[in-house]
Amino acid sequence: MGSIGRIVVVGGSLGGLRTTEALYLGGWEGEVVVLSEELHPPYTRPPLSKTALAHGPDASTLAFKQRPEAARAQWRHGVRALACDLAARTVTLSDGDVLSYDGLVAATGVRARRLPAPLGTAGHVLRTLDDCRNLRTELVAGARVVVVGAGFIGCEVAATAVGLGCSVDVVAADDVPMQTPLGTDVGAAVQRRHEREGVRFHLGRQVAGIVEHDGTSLVTLSDGTEVLGDVLVQAIGSAPSVDWLDGNGLDLTDGVVCDNGLRIGGRPAAVAVGDVARFPNPLFDDVPRRVEHWQMPVDTARRAATTLLADLAGAPADPTPFTPLPSFWSDQYDLRLQSFGAPGLGERVEVLDGDLDGDAVVGYHRGDRLVGAVLLGFPRKMVQVRRMVQAALTAARERERERASSVGVG
Ligand SMILES: Cc1cc2nc3c(=O)[nH]c(=O)nc-3n(C[C@H](O)[C@H](O)[C@H](O)COP(=O)(O)OP(=O)(O)OC[C@H]3O[C@@H](n4cnc5c(N)ncnc54)[C@H](O)[C@@H]3O)c2cc1C
């Protein structure tokens, strides 16, 4: 390594790309090497279950617009980081190379989970452009599609498949779709919309067996129900890609635990961004959490780059707490769902405006605090609802700080 210094970015998708740009924009003069196990240039994933699945994915239209700074980095596609030694500051690559570095960015995101063996090999998952291409070829009019999992991606695939003329069954262990992030009432309302489009749900049951024969999959559920499909999609969530960080004494139970400045395990000159980063957000509390939403790689990239550049310069890190507002959207039929804050932390759900079978604004409260809101439709209320959630969380945090300082804590 030359004297100019090197930052290695592991993962070349949204988080890796935006961190690379932010590093150069922040004044980094050294090398940046981006390791990307995928062969495609960085592309956006949300359309993979929506428009790109409906119309066929096109790598060029999905590719991110990049700042010119991104081209200053050395992009190594088709290369996977196998291991990392944080103490020695080296990364071992799948092509046999060992790269030393001054700074490290973990941007490895998540992988699609599959059912446990022997069920896991059956059917499709949907995480990458290639997954989308493979699934798209089978979603022909009249095909019987079985979706295992009723989270966002499962529901979006169901909606897209219906739009393509498929007949769709959704199987899930939860009692309603999207139960964990949105709660029972909103999940049930979304279920009704799917059912109006002809989707059949088999909820509150596990998959007990899958038999693949002659191009069909026979899925047997824990209560003995059998569902037959020509196409099977496993959409049962994700697993953070952290195997390459093993052996460093880190907490890798659900992503990589970071401090509020996104330092991996609180160690200097190593940061994590995007879906893989589990960090405390003082907007809510001090519990480290991962957020798998498109906006989060963008927000964490800026902050992680600032932290890393300060560490590499031996300068103090930005003392301002990092408090990004989580947000996401989902498109199912003509329904746009938008979420701000952390509805999943809510204990009490309240319809603030409209009704759940039409357009609605739904508030999620924890104790006396509004912690999140979801819009079903109501696109014109987006800015107003976002501001409402931001203001409520900021005010609650201020009150908490005042209370803590009045009793002499922190
Ligand atoms: C089908 C789908 C639909 C979605 N829809 C929405 C939506 O509507 N709204 C929303 O807010 N969010 C949505 N998301 C989530 C959003 O796309 C993610 O939050 C975002 O992609 C996370 O970016 P990331 O860079 O952190 O991780 P990723 O996009 O997962 O990228 C990580 C990259 O690192 C690579 N990698 C992993 N391990 C290694 C290794 N060891 N060495 C080298 N490279 C490695 C991976 O191959 C991958 O290219 C959706 C995701 C999917 C899959």
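First listed ligand is number 1; within each ligand, the first listed atom is number 1. This one's a predicted model, so the numbers in the text were calculated from it and none came from an experiment. Note that these values count all heavy atoms, side chains included, but never hydrogens, waters or copies made by symmetry.
Considering Leu370, Leu182, Leu345 in turn, Leu182 is the only one that fulfils the side-chain contact (heavy atoms from CB on, under 4.5 Å) rule with Tyr364. For the side-chain contact (heavy atoms from CB on, under 4.5 Å) criterion with Tyr333, the lone passing option out of Glu156, Arg196, His194 is His194.
In terms of polar-atom proximity, Ser13 is counted as a contact of ligand 1, with an N or O under 3.5 Å from an N or O of the ligand. Considering both main-chain and side-chain atoms, Ser49 never comes within under 3.5 Å of ligand 1 through any nitrogen or oxygen pair. Close N/O approach between Lys50 and ligand 1 is found [any backbone or side-chain N/O within under 3.5 Å]. Distances between N or O atoms of Phe328 and those of ligand 1 include no value under 3.5 Å. For ligand 1, none of its N or O atoms has an N or O atom of Ser36 under 3.5 Å away. On a distance-only criterion, Trp244 and ligand 1 share no N/O pair closer than 3.5 Å.
Remark: ligand 1 atoms within the under-4.0 Å shell around heavy atoms of Val79 are 43 (C). Listed by atom number, the atoms of ligand 1 under 4.0 Å from Ala107 heavy atoms are 32 (C), 33 (C), 34 (O).
The nearest heavy-atom contact from the protein to atom 17 (O) of ligand 1 is Arg45 CB, 3.4 Å. Taking atom 25 (O) of ligand 1 as the reference point, the nearest protein heavy-atom neighbour is Gly15 N, 2.8 Å. Protein heavy atom nearest atom 19 (O) of ligand 1, with residue, atom name and distance: Asp275 OD1, 2.8 Å. Protein heavy atom in closest approach to atom 4 (C) of ligand 1: Pro46 CA, 3.5 Å. Taking atom 39 (C) of ligand 1 as the reference point, the nearest protein heavy-atom neighbour is Thr108 CG2, 3.4 Å. For atom 41 (N) of ligand 1, the nearest protein heavy atom (residue, atom name, distance) is Ala81 O, 3.0 Å. Protein heavy atom closest to atom 52 (C) of ligand 1, with residue, atom name and distance, is Ile153 CD1, 3.6 Å. The nearest protein atom to atom 11 (O) of ligand 1, hydrogens excluded, is given as Trp294 N, 3.0 Å; this is a heavy-atom distance.
The residues Arg127 and Asp131 are annotated as not salt-bridged, no charged nitrogen and carboxylate oxygen being separated by less than 4.0 angstrom. Checked for salt-bridge contact, Asp102 and Arg89 miss the test: no charged N lies under 4.0 Å from a carboxylate O. A salt bridge does not link Asp359 to Arg380: none of the charged side-chain nitrogens sits closer than 4.0 Å to a carboxylate oxygen.
In the candidate list Arg127, Glu292, Glu37, Glu37 is nearest to atom 36 (N) of ligand 1, counting heavy atoms. With Arg76, Arg111, Arg80 as candidates, the residue nearest to atom 40 (C) of ligand 1 on a non-hydrogen basis is Arg80. By heavy-atom distance, the residue among Ser327, Pro297, Gly274 lying nearest atom 23 (O) of ligand 1 is Pro297.
Asp331 is linked by a side chain to side chain donor-acceptor pair (under 3.5 Å) to Arg336, counting only residues two or more places apart in sequence or in another chain.
If you check the side chains of Arg205 and Thr225, you find a donor sitting under 3.5 Å from an acceptor.
When non-hydrogen atoms are compared, ligand 1 lies under 4.0 Å from neither the backbone nor the side chain of Met296. Contact annotation for Trp329 and ligand 1: heavy atoms of both the backbone and the side chain come within less than 4.0 Å of the ligand.
Ring geometry, Trp294 versus Phe64: the interplanar angle falls from 30° to 60°, so the pair is classed tilted.
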